[in-house]
**Student:** 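Would you mind keeping the following structure in view while I ask a few things?
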Amino acid sequence: MSELIDSQYVVCELGNEKYALGINDVYEIIKMKKITVIHNSNPFLEGVINLRGKIVPIVNLHKKLERDNYTLTKSTRVVILRSRDEMVGVIVDKVNRVIRFSDIQPSPETVAGIDGDYFEGLGISEEGVISILKVDKVLYE
Amino acid sequence: MEGMYDNPEMTGVFLDELEEQLQLLEQNILELERCGENPDIIQKIFRVAHTLKGSSAAMGFEKMKLLTHEMEDVLDKMRNHRLEVTKPVINILFQCLDHLRMLKEDFLIDKNDIKTDISSTLDELKKILAGGTYQDTSIKDSGDMAAEKIENKTEQEEHALKFMLDLEQQIQIEQAVISGFNLLVCEVKIAKESVMKLARAYLILNYLNEIGTVIQADPNILENGDIQLKDSISYLFITQLNGKTIEAKVKNDLMEIESIKVYPYQWDMSRQQALTTEFIKPGTDNSAASKTADLEKKVNHTVRVDVDRLEKMMDLVGELVIERTRIAQVGNVLHERYKADNAIEDLIGISNQISRVTNELQELVLKTRMLPIKQLFGRFPRVVRDLAEALSKKVNLVMEGEETELDKTIIEDISDPLIHLIRNAVDHGIETPEERTGIGKPPAGTLLISAFHQENNVILTVQDDGRGIDFDKVKESAVKKQIITAQEAAALTEQEIISLIFHSGFSTSTAVSDISGRGVGLDVVKSQVDKLNGIIEVETRKGEGTKFIIKLPLTLAILTGLLVKINDETYALPMSNVIEIVRKPEEEIESVKGQDITVIRDKVLPLIWLHDYFNIPRKEKKKNIFIVVLGVAEKRLGLVVDELVGNQEIVVKPLGSYIGKVKTLSGATILGDGSVACILDVAGIAKMVGTEKVSKMGDE
């Protein structure tokens, strides 16, 4: 787990829950844009956006992590992640800051009722315990 | 040496050249078959064999070298009239060609594991060689020697005649001599063991061009790239240096040269002058100079470019096209807002300029991906010949519009369908010679294949003058294969019968033949044309023939799209699939067995409501509804839309692997305002006709 401790994480909020994303997975963070709906595809897919000429799919993380759906506010952001050579955006209610964890514990079998496989582990910091998302798992399963 | 064979760049060049040469070979063998013994053609075939022998030897491709070597021997005999051009000989040449193709395929897969067995062909070639006349080889040899001697003797005297100079070249020499340049002949003997003599010759040419200007070469490699090269080559060139210096320089700087001789060329000033003045009218000195400049440019400069790079370039241009539209839009908004501001006038001017440049750039990049359809058509004569042979039919193949240009990827994708149609035409369409004479037709059938541009589309047609499609037979067969019931068959219109032949698992030929496939006939053609956003039409007359018309978009990367709104979402439809747009009052829409239909110009059209499929509400009822009539291959259907936005060039972008395949969409595009619009997959939508979700008018 040592390499996990060495790296930095982007902390964002979904509802009142905080999640961390490995900084190497994050390509960029943008403000909410107009999303074009793709009907009859993956239920977690919110639609696609135009990111400087590229078509990027946007995933509804709230639905995926079984939280209440997001409401659009001033602080709503789209975090563009890079996974399996493709860019995929996820919607978060707020992006907090970039931190390092002092310790990372393996995740239990379920975290707040969600399959523990979705998480790399639990990061321990001054702000408390934050679950670290396993990007590949969350997006593709 | 192993290292040299493994050099991927060289392998690439070798394979490219191989393909070209094989095509050339095929063309010429066909030509030979058609016109019989013709020294020019035999010479051409000989050259190909020779070139291939050289390059395969250079690549260490032993089997190909062996085969081409034997071919060369046989061809040499033909060239010297010691072997007659007969059917068996031509068949063996074709066999050689096929084997060369197979060798090439093997080479592509694994060059260290060449599986193709060429021994049978080698034996046949040897048999022909042995069967030919042995007795006069000695005569030939001595004859050659004598000829060589004469050549040697007259070598010096013949210089003046050696170079065939056209007027432009004479003017060029003229001017050079007047300005005090040396006019020299450089005679180079290339080392015997050199594997690529022609390449050497070009290297020398380039080298001489650095220190002077080469006017002409003998043999003339300037104009003719696939010349058969002897060991020695002479260049006529102008330079400021003198002969001795050049001799020393060449020997020093270039490899694989056995000997070099440089001497002044006798230039008969007065004779040439007369010639020149005759043509150059007073005051045209400048044009003569510019002519020389043109001449230098004439040598074709081409570069082979990786297709991936072109694709990337296409992508970038696509982005530029989008941004251009956006700049124009923002410019207009600003103009509305600050009418008096000069800076905005400038902005609009610049935006227009960018627009023009982008258009030109786009056109150019599109053109770089375009290839003449000749590439594809070149394969047909052979296909038709083999088929006609096998079926003992006589077929006259006529091809038109070979120079029509088409996107490379489309050419590749349309190749199989076209060959399929051709096979069908020869197999099922054209009758046997006896049958034809019986009904008063010329014994040889005509197969016309043509290509031409029409707006943004390419139209390809395959037309035969055979027996046409027998509607009764089609119906009978469809009933037998349980595609339709007997009652349904009785009610079918002509158009509907024709669409039956595109049904999978349908084939009217009673006997399964090796030639037209095994019932996997026209449906394959149809699906391929679908994939390319194309349309197929069939015209047929009993006893007079059948014509298949395929309409394809020029390119797949950028297309003209019709933007429509379904509810409030914007979608794009490829213009090549749009046949017409009609407005219909609601009362004229009827429902038959749960499928909404309407009648447009006596044709019944099924209607599709994507609203239902997408689970979005239908807009409030208006008096008239818009119906976009779409065509996919031979199918026609109407798509109900709420609003028409207009047509626009759109750049097709894939949705990416994360989203994967979505049934109704073929991709997405970015609109002028920066938002994304999905491109509807017309072929996919056509498949939905008759499914519950999309066809009903509503529950009221």
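Numbered from 1 within each chain, the chains take letters A, B, ... in sequence-line order.
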**Student:** Side chain, backbone, both or neither: which part of B:Val676 has a heavy atom under 4.5 Å from chain A?
**Tutor:**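 Both backbone and side chain.
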
**Student:** Going by side-chain hydrogen bond (donor to acceptor under 3.5 Å, both in side chains), name the residues that satisfy it together with B:Glu336, two or more places apart in sequence or in a different chain.
**Tutor:**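 B:Glu336 satisfies side-chain hydrogen bond (donor to acceptor under 3.5 Å, both in side chains) with no other residue.
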
**Student:** Using a 4.5 Å cut-off on heavy atoms from C-beta on, say whether the side chain of B:Cys678 contacts that of A:Ile38.
**Tutor:**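 Sidechains of B:Cys678 and A:Ile38: in contact.
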
**Student:** Take atom CD of B:Glu360 as the centre, draw a 6.0 Å sphere, and report whether it contains more than 12 heavy atoms from other residues, nucleotides or ligands.
**Tutor:**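 For B:Glu360, atom CD is not crowded (no more than 12 foreign heavy atoms under 6.0 Å).
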
**Student:** Could you walk me through whether A:Val37 and B:Ile616 pass the side-chain contact (heavy atoms from CB on, under 4.5 Å) test, one step at a time?
**Tutor:** CA-CA 11 Å; A:Val37 184; B:Ile616 49 178; over 6 Å; no

**Student:** By a 4.5 Å heavy-atom criterion (distance strictly below it), what part of A:Ile35 contacts chain B: side chain, backbone, both, or neither?
**Tutor:**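 Neither part; nothing is under 4.5 Å.
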
**Student:** Output all donor-acceptor pairs under 3.5 Å across chain B and chain A; consider backbone as well as side chains.
**Tutor:**
{"from": "B:Glu569", "atom 1": "OE1", "to": "A:His39", "atom 2": "NE2", "distance (Å)": "2.7"}
{"from": "B:Glu569", "atom 1": "OE2", "to": "A:His39", "atom 2": "NE2", "distance (Å)": "3.2"}
{"from": "B:Tyr613", "atom 1": "O", "to": "A:Asn40", "atom 2": "ND2", "distance (Å)": "3.2"}
{"from": "B:Phe614", "atom 1": "O", "to": "A:His39", "atom 2": "ND1", "distance (Å)": "3.3"}
{"from": "B:Lys653", "atom 1": "NZ", "to": "A:Gly53", "atom 2": "O", "distance (Å)": "2.7"}
{"from": "B:Ser657", "atom 1": "N", "to": "A:Glu86", "atom 2": "OE2", "distance (Å)": "3.0"}
{"from": "B:Ser657", "atom 1": "OG", "to": "A:Glu86", "atom 2": "OE2", "distance (Å)": "2.1"}
{"from": "B:Tyr658", "atom 1": "N", "to": "A:Glu86", "atom 2": "OE2", "distance (Å)": "3.0"}
{"from": "B:Tyr658", "atom 1": "OH", "to": "A:Leu139", "atom 2": "O", "distance (Å)": "2.7"}
{"from": "B:Gly674", "atom 1": "O", "to": "A:Asn50", "atom 2": "ND2", "distance (Å)": "2.8"}
{"from": "B:Val676", "atom 1": "O", "to": "A:Thr36", "atom 2": "OG1", "distance (Å)": "2.6"}

**Student:** Let me know if A:Val56 has heavy atoms under 4.5 Å from chain B in its side chain, its backbone, both or neither.
**Tutor:**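 Looking at A:Val56, nothing touches chain B.
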
